[in-house]
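In what follows, a single structure is set out as structure tokens and then discussed.
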Amino acid sequence: MSNVFTAVVNVCATPEPITLGDKEAMKLRLADNTGQRNSPRFFGMLVTGYDAETAKRLDKGDQIVVTGQLVVNEYKARSEEHTSELQSR
């Protein structure tokens, strides 16, 4: 079973260049404003290859269409609090 999704989202922050092994990538922070009660859903997205080159031209406030697979990352924050984050790949 696949959990691929497509959404029109807003870029929340200037994309951040990162390195994944030997690959250049861009880390995006996005908001989907189509949720119930006008409450946006925030998530991160990692893009590589040609899409990473395109992401370098994005800026906070841009509206884009994304397609990806949703993954929940769980970790312990610095405050020792258990945290989860929704991310798309």
Subject >> Heavy-atom closest contact (Pro40 atom, Ala31 atom, distance) >> reply: CB-CB, 4.5 Å

Subject >> With Lys60 via salt bridge (charged side-chain N to carboxylate O under 4.0 Å, His left out) - residues at least two apart >> reply: none

Subject >> From CE (Met26) to CD (Glu16), nearest 0.5 Å >> reply: 8.5 Å

**OP:** Evaluate side-chain contact (heavy atoms from CB on, under 4.5 Å) for Leu46 paired with Ile18, printing each intermediate quantity in order.
**Re:** CA-CA 9 Å; Leu46 297 175; Ile18 61 171; 3.6 Å; yes

Original post:
Stepwise, does the side-chain contact (heavy atoms from CB on, under 4.5 Å) test hold for Asp32 with Phe43?
Top reply: CA-CA 8 Å; Asp32 176 6; Phe43 61 96; 4.2 Å; yes

Original post:
Would you call Val9 and Ile64 a side-chain contact if the rule is heavy atoms closer than 4.5 Å?
Top reply: yes

Subject >> Derivation and outcome, side-chain contact (heavy atoms from CB on, under 4.5 Å), residues Val11 and Leu30 >> reply: CA-CA 5 Å; Val11 179; Leu30 307 170; 4.0 Å; yes

Subject >> Minimum heavy-atom distance between Asp62 and Arg57, given as atom pair plus value >> reply: OD2-O, 4.2 Å

**OP:** Rounded to the nearest 0.5 Å, what's the gap from CD on Gln63 to CG on Leu58? Could you check?
**Re:** 12.0 Å

Subject >> Least distance between heavy atoms, Pro15 atom then Ala55 atom >> reply: CG-O, 3.5 Å

Subject >> Reported CG-to-NZ distance for the pair Leu20 and Lys27, which is rounded to 0.5 angstrom >> reply: 10.5 Å

Subject >> N/O donor-acceptor pair under 3.5 Å between Asp51 side chain and Thr48 backbone >> reply: no

